[in-house]
Trainee: 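Take this structure, written in structure tokens, and hold onto it; I'll ask about it next.
Note that the structure is a prediction, hence the values are computed from the model and not measured.
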Amino acid sequence: MNKNKIIYLLLFFVTFLLTAASPVSAYDLSQQYHLLDEALAQSTKYIAAHEQSLRKKKVLLHNASSKQQRLRISYQLYESYVAFQTDSALVYLDRCIALSEAIGHTAFAQSCRALKATQFSVAGYYPEALTMLREVNRKELDKTGRQNYYYALNHVYGEMASYTSDKRLRKQFFGIADSYRDSMYAVYPASSEAVLMKREIQCSSHKDFAHALQYNDLRLQLAPKGSHVYAIVAYFRYVELEGMGRENEALYWLTESAIADIRNAVTNQASLWSLADKLDKSGDIDRSHRYIDYAWQFANYFGARTRSWQISPILRNIDSIFQQKEARNNRQLIMLVILVSMLSVVLIISLAYMMKQRKRLADANRQLDESSRVKEAYIGRFLTTCSLYIDKLDKLRLSVNKMVKNHQYDKVLELTRTAGMKSKDMEALYQHFDEVFLNLFPSFVEQINALLRPDAQFVLADPSRLTTPLRVFALIRLGMDDSTKIAECLHYSVNTIYNYRAKVRNGAIGKRDEFEKQVKMIGAATMGGHQQ
């Protein structure tokens, strides 16, 4: 014991000197944010690599020839899942328990039950954790089992105390947690990571951040840089430095923790959502949203209810800010809709006036032909204008949707996720075009059918509506011969327009090459704006 105390004092002294020698200027936050953003950009690669490692272990488990081998590999899978996905970690702990009991290794089975209680506690399932601890047979525990058992009890009651809103229960739970912490000290080596962490937490909870930081120095010396343990130690270091008012250093270690978590494919993250909270309060909303969005996604993947509780207030604040932006955007959108509606009324009135003028000028074939060319040009321009309007509205919808979607607020996403606005506007445009075109060329369908074989003729379910192939040839009749322009107006692919044209031409009675020329002559000789 005296030897341990001497080692302790030496480590304290060395780490104190190292810490004192570190200049504050060494903590470059801009570089840290750059590294963190790079890690986030590569996060799918880290997750994929971890999942590949899991698959390899599962293959080994499947091919294992003995229960002892299956137990060893199942425990390795538990360790791989413990910070990745709660449900799977619990599944492999259950397998470890079953296999241990099957081979008579009851001490290990009890130890795994204690580990299972800790996993429940980490995920926020406190009743399940307490139930599991009651199932542990303490008489069968070996040294490691007792360590896991008392660690689980301390963790469960400490978490329950942290998240209860009842002051009496909080005091009671903290008292129980403290008693089990003392039991931990009796079964763990004094220099172990578990004891150092608990002593650090104990000092930090009493606002004794200087001594807490000394314990953290010891832990930092023991943790391999970039490891998951390093991420945990770095997070505690952030808490203590922030408590001491050393904000710049604190944020450096918080980003260090977040980077290590992401690179280790850890989905149970405290660092990233804490950083998002800090950035949110400092006004860096965009960066805060990116980080909280990632943390929220993987908190759900990990299955931790406590993370959801912690993240929710940040999301609500971000949501409030974006609702204000949404309100401004909605006002702009309303003004745009009013403006477009007024333009539509003007266009409709103009179209009605133009049609009336056409009837008055239809006293001669020459006048009618000239009038028809004006009408056809106007209809083409009108259709193009309406199509452009629909595209603008759709781009606006996509822009608003993208902005809201990046902030991952479900209610706002629900308002913008559908593209129904565009489809409705297109349907209204088609209906308006059909009405106008059939008013100008009431015999168009009959005359185009006269150019086709009986088996290729068009039969309309609604005489007032054109089919898509008929709209293609209606535009050809109006002088729009380019398939690309037709595709743009009707919002189809160029290949689809080519196919429609080819299919209809193949049904022509005469020469297929002459068919579209004959279509362009439909209604060329008219009187009073109607075909004769």
Trainee: Taking all heavy atoms of A177 and all of N154, pick out the closest pair and write down the distance.
Mentor: O-ND2, 2.7 Å
Trainee: Look at atom NZ of K67 and say whether more than 12 heavy atoms of other residues, nucleotides or ligands are closer to it than 6.0 Å.
Mentor: no
Trainee: Taking the side chain as every heavy atom from C-beta outward, state whether M132 and E128 have any atom pair closer than 4.5 Å.
Mentor: no
Trainee: Do I232 and H228 come within less than 4.5 Å of each other through their side chains, counting heavy atoms only?
Mentor: yes
Trainee: Give the C-alpha distance, both sets of side-chain angles, the deciding distance and a yes or no for side chain to side chain contact (heavy atoms under 4.5 Å, CB included) between W253 and E240.
Mentor: CA-CA 10 Å; W253 286 104; E240 287 132 22; over 6 Å; no
Trainee: Test the K198-Y180 pair against the cation-pi criterion, namely NZ or CZ under 6.0 angstrom from the six-membered ring centroid and within 45° of the ring axis.
Mentor: no
Trainee: Keeping the roles fixed (side chain from N264, backbone from V266), state whether a donor-acceptor pair exists under 3.5 Å.
Mentor: no
Trainee: Checking side-chain contact (heavy atoms from CB on, under 4.5 Å) between C203 and each of D208, L213, N216, which is the one that passes?
Mentor: D208
Trainee: With a 4.5 Å heavy-atom cut-off, do Y78 and C112 have their side chains touching?
Mentor: no
Trainee: Measuring from atom CG of L54 to atom NZ of K56, what distance do you get when rounded to the nearest 0.5 angstrom?
Mentor: 11.0 Å
Trainee: For S204 and I201, indicate whether the former's side chain and the latter's backbone hold a donor-acceptor pair under 3.5 Å.
Mentor: no
Trainee: Please state whether the rings of Y81 and Y92 are parallel, tilted or perpendicular, taking 30° and 60° as the class boundaries.
Mentor: parallel
Trainee: Nearest 0.5 angstrom please: L254 CG to E242 CD, how far?
Mentor: 8.5 Å
Trainee: Closest approach of T255 and Q32, non-hydrogen atoms and distance?
Mentor: OG1-NE2, 2.9 Å
Trainee: Between Y291 and Y294, is the ring pair (Phe, Tyr, Trp, His ring centres under 6.0 Å) condition met? List the steps.
Mentor: CA-CA 5 Å; Y291 294 166; Y294 183 91; 8.9 Å; no
Trainee: Can you measure from CD1 (I73) to CD (Q68) and round to the nearest 0.5 angstrom?
Mentor: 11.5 Å
Trainee: How close do V195 and A190 get, counting heavy atoms only, and between which atoms?
Mentor: CG1-O, 3.5 Å
Trainee: Are E38 and Q42 side-chain neighbours, meaning at least one heavy-atom pair lies under 4.5 Å?
Mentor: no
Trainee: If we ignore angles and hydrogens, is there a donor and acceptor under 3.5 Å between the side chains of D28 and S30?
Mentor: yes
Trainee: Would you confirm whether T131, through its side chain, and P127, through its main-chain N or O, come within 3.5 Å as a donor-acceptor pair?
Mentor: yes
Trainee: Out of curiosity, E101 CD to C96 SG, how far, rounded to the nearest 0.5 Å?
Mentor: 11.5 Å
Trainee: Is there a side chain to side chain contact (heavy atoms under 4.5 Å, CB included) between N268 and V122 once you walk through the steps?
Mentor: CA-CA 9 Å; N268 181 27; V122 168; 3.3 Å; yes
Trainee: Side chains of H206 and Q202: any donor to acceptor distance under 3.5 Å?
Mentor: no
Trainee: Count the heavy atoms belonging to other residues, nucleotides or ligands that lie under 6.0 Å from NZ of K171, then report whether that count exceeds 12.
Mentor: no
Trainee: Less than 4.0 angstrom from a charged side-chain N to a carboxylate O is my criterion; do D178 and R181 meet it?
Mentor: yes
Trainee: Would you say S121's side chain and A117's backbone share a donor-acceptor pair under 3.5 angstrom?
Mentor: no
Trainee: If you look at every heavy atom in I262 and S43, which pair is closest and at what distance?
Mentor: CG2-CB, 4.0 Å
Trainee: Got a donor-acceptor contact below 3.5 angstrom from the Y188 side chain to the Q147 backbone?
Mentor: yes
Trainee: Is the closest side-chain donor-acceptor distance between S65 and Q69 under 3.5 Å?
Mentor: yes
Trainee: Establish, from distance only, whether the side-chain atoms of E256 and Y238 form a donor-acceptor pair under 3.5 Å.
Mentor: no
Trainee: Judged by atom type as modelled, is there a donor-acceptor pair below 3.5 Å linking the side chain of H105 to the main-chain atoms of L99?
Mentor: no
Trainee: If I compare all heavy atoms of A258 with all of S271, which pair ends up nearest, and what's the gap?
Mentor: N-CB, 3.6 Å
Trainee: Check whether any side-chain heavy atom of L222 sits under 4.5 Å from a side-chain heavy atom of L196, and report yes or no.
Mentor: yes
Trainee: If we ignore hydrogens and angles and just use 3.5 Å, is the side chain of S183 paired with the main-chain N or O of S179 as donor and acceptor?
Mentor: yes
Trainee: Return the CZ to CG distance between R72 and L61, rounded to the nearest 0.5 Å.
Mentor: 10.0 Å
Trainee: Within 45° of the ring axis of Y185 and under 6.0 Å from its six-membered ring centre, is that where the NZ or CZ of R199 lies?
Mentor: yes
Trainee: Within the distance-only criterion (no hydrogens, no angle test), does the side chain of T164 pair as donor or acceptor with the backbone N or O of M160 below 3.5 angstrom?
Mentor: no
Trainee: State, with a plain yes or no, whether a side-chain heavy atom of E200 is found less than 4.5 Å away from one of V233.
Mentor: no
Trainee: Distance-only, no hydrogens or angles: does the S88 side chain make a donor-acceptor pair with backbone N or O of Q85 under 3.5 Å?
Mentor: no
Trainee: For the OH atom of Y46 and the CG atom of L40, what is their distance to the nearest 0.5 Å?
Mentor: 9.5 Å
Trainee: Tell me, please, whether Y33 has R287 positioned over its six-membered ring: NZ or CZ under 6.0 Å from the ring centre and within 45 degrees of its axis?
Mentor: yes
Trainee: Taking C-beta and beyond as the side chain, do L133 and L153 meet within less than 4.5 Å on heavy atoms?
Mentor: yes
Trainee: Does E249 form a side chain to side chain contact (heavy atoms under 4.5 Å, CB included) with M244? I'd like the steps, not just the answer.
Mentor: CA-CA 10 Å; E249 294 177 69; M244 298 170 74; over 6 Å; no
Trainee: Please check this pair: side chain of Q110 against backbone of N137, looking for a donor-acceptor N/O pair closer than 3.5 Å.
Mentor: yes
Trainee: Is the gap between the ring centers of F108 and Y75 under 6.0 Å?
Mentor: yes
Trainee: Indicate yes or no: at least one non-hydrogen side-chain atom of Q221 is less than 4.5 angstrom from one of L218.
Mentor: no
Trainee: For I97 and A109, which heavy atoms make the closest approach, and how far apart are they?
Mentor: CG1-O, 3.8 Å
Trainee: Show your reasoning for whether side chain to side chain contact (heavy atoms under 4.5 Å, CB included) applies to K278 and E247.
Mentor: CA-CA 11 Å; K278 296 286 290 183; E247 188 70 20; 2.7 Å; yes
